[in-house]
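Inspection log for the structure reproduced underneath, given as structure tokens.
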Amino acid sequence: SFPTRRSSDLSVLGRDKDFYVNFITPLNLNTVGAGNIPMWSAGRPADLIVALPEDKRLFDELRLIKKTEKYIQTTNSPSLDATKQRILSEKAQQNADRKRSVGNQLKLAIGDAKMYQNGTELVDITASDPKTKITQGVQVLIKTLYTKLKMLNVDFTEAHLTKIIQSQDDLLFKDSLHEVEIEVLSRVQRNKANHERTTIKSLIDFFSARPYGWYQTAVLCLIAKLYKRNKISFKQDGTNLDDRLALESLLRNNQYSNTIIELEEEIQVTQVQKLKTLFQEYFNEPNLGNEPKEISRIFKQRLEKEVRDFNEINTYRSRFKFLELIGEPLSRLKLLAEKEHPYFFNALDDYEDDLFDDKENVLEKVKKFMNGQQKNIFEDVLLYLETNHANFDYIGTSNLDLLKTVANNPRPFDGNLMQEAKVAIEAIKKEVIDQQQIERDKASVAINASINRSEERRVGKECLRLC
């Protein structure tokens, strides 16, 4: 549908629109008649002129309707007696009947009316049905005004819009840009060159007006296709939108004004390969994306997962003091994960060295430590030192000193410290067991000696008594 505005004898009905259906009657006050209406129409290229034929009886009836309405409005009053109220009611009913009759006569008049567009009579339109006739006239006007409407050769629906955004088949967007897509992209490029902001709403408004006349869903689908072709991106409050949020912004009218459309930066093939290589080397897995935006999205998601993993590890920081070491590397990782496409391509040389240095020097070693047996050994060391103070005085100091060194080491994941700590714990435990056995043996000897002495004293006393 197109934004049409009606007028009668130049009395405009409704808000301003792209074009008008202008009914001209013999009652007009602008001296427009059969003799000059073609010339008068030529000065109004956006009007469909419907010139009603002369019909004295019809227009006399119209005047009578207006006079009767005015009489009833000025005469009617609650203070009138019943007789006058009845007379006014009868006149109102007669006027209603007269309106219905005039309505039917007007339909016939429109059927007989001549129509003009920009000075030319539309003689090829011969329909007598008013609705059909006006519709055909408007179609002629649309073709004249919306010269680029024919560029649209697909009937887009909201289902198309959803399918375009949710499509994961890159082959659908590998062909050359279509004429209509180039038209929309060119508008975004011109706005950028003129330092003008482009929004979803501004594109809808521009392409729904002359000379395009494109309907809203078509414009939205073309915007969506440019997005999936990585020609444009969407932003809200400075943040790039992913596919889910992009679709939401295209489906919700209240987001059209605040969704910014920006040209997507061209990413070179060499940049794509470099980021995919970095991804493989850093995460030990491939980045399966094909288009730059998709590769960026997968990279960002993987960085975010890495951050979550280290945040979980960092919850042990109060017990494992050495985890303070991951503070700075984790902060750098978080900052990188917060970036958006196309930063990951354009700034790769800036963050690549720090990323790998942090991984090799700290993060990878900490992750391996915390996800393996080393963590359990370290926990055993801490627990043993915390719960076995009573035994420390009975064992040698060398192994005990090693455990204390491990517990306070800022990098216990380096070298063979955990293996050495495990051996030391086992040695200490054995030493404690051996010492406990020695102490038990000493106690047993002492107890037996005491028992023997007691028995000797008892026997001695018994001998004395018998003697």
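Fair warning: this is a prediction, and the values are worked out from it, not measured in the lab.
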Residue pair [X] / [Y], side-chain heavy-atom distance below 4.5 Å:
X: Ile260; Y: Phe234; result: no
X: Ile298; Y: Glu294; result: yes
X: Glu265; Y: Asn346; result: yes

(Q) Centroid separation under 6.0 Å, is that true for the rings of Phe156 and Tyr215? (A) no
Q. Does the gap between the ring centers of Tyr146 and Tyr212 come in under 6.0 Å?
A.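 No, the ring of Tyr146 stays outside the 6.0 Å limit from the ring of Tyr212, centre to centre.
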Hey, could you give me the [atom1]/[atom2] distance between [X] and [Y], rounded to the nearest 0.5 Å?
X: Ile261; Y: Ile232; atom1: CD1; atom2: CD1; result: 5.0 Å
X: Leu247; Y: Arg252; atom1: CG; atom2: CZ; result: 10.0 Å
X: Leu278; Y: Gln273; atom1: CG; atom2: CD; result: 11.5 Å
X: Asp380; Y: Leu385; atom1: CG; atom2: CG; result: 10.5 Å
X: Tyr282; Y: Leu363; atom1: OH; atom2: CG; result: 5.5 Å

Does a side-chain N-to-carboxylate-O contact under 4.0 Å join [X] and [Y]?
X: Asp349; Y: Lys274; result: yes
X: Arg297; Y: Asp243; result: no
X: Arg411; Y: Glu324; result: no
X: Lys334; Y: Glu338; result: no
X: Asp309; Y: Lys305; result: yes
X: Arg187; Y: Glu183; result: no
X: Arg302; Y: Glu306; result: yes
X: Glu304; Y: Lys300; result: yes
X: Arg229; Y: Glu181; result: yes
X: Lys66; Y: Glu69; result: yes
X: Arg63; Y: Asp60; result: yes

Shortest non-hydrogen contact from [X] toward [Y]:
X: Phe322; Y: Asn409; answer: CB-O, 3.8 Å
X: Val406; Y: Ala421; answer: CG2-CB, 4.0 Å
X: Val138; Y: Leu48; answer: N-CD2, 3.7 Å
X: Asp205; Y: Lys201; answer: OD2-NZ, 2.7 Å
X: Phe310; Y: Ile326; answer: O-CD1, 4.2 Å
X: Asn76; Y: Leu88; answer: CA-CD1, 3.7 Å

Q: Decide yes or no on side-chain hydrogen bond (donor to acceptor under 3.5 Å, both in side chains) for Asn95 and Arg98, but give the supporting numbers first.
A: CA-CA 5 Å; Asn95 217 36; Arg98 190 178 292 115; 2.7 Å; yes
Using only heavy-atom distances, determine whether the side chains of [X] and [Y] contain a donor-acceptor pair under 3.5 Å.
X: Gln105; Y: Glu61; value: no
X: Asn230; Y: Glu291; value: yes
X: Tyr256; Y: Asn253; value: yes
X: Asn240; Y: Glu262; value: no
X: Tyr351; Y: Lys339; value: no

Over 12 non-hydrogen atoms of neighbours within 6.0 angstrom of [atom1] in [X]:
X: Lys359; atom1: NZ; result: yes
X: Arg197; atom1: CZ; result: no
X: Lys99; atom1: NZ; result: no
X: Glu158; atom1: CD; result: no
X: Lys91; atom1: NZ; result: no
X: Phe206; atom1: CZ; result: yes
X: Phe356; atom1: CZ; result: yes
X: Glu266; atom1: CD; result: no

Q. Angle class for the Trp214/Phe207 ring planes (parallel below 30°, perpendicular above 60°, tilted otherwise)?
A.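 Ring orientation, 0 to 90° scale: parallel.
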**Q.** Sidechain-backbone polar pair: Lys150 side chain, Thr147 backbone, donor-acceptor under 3.5 Å
**A.** no
Q) Between the side chain of Gln166 and the main-chain N/O of Arg244, is any donor-acceptor distance below 3.5 Å? A) no
Q. Can you check side-chain hydrogen bond (donor to acceptor under 3.5 Å, both in side chains) on Asp81 and Gln85, steps first, answer last?
A. CA-CA 6 Å; Asp81 58 40; Gln85 286 282 6; over 6 Å; no
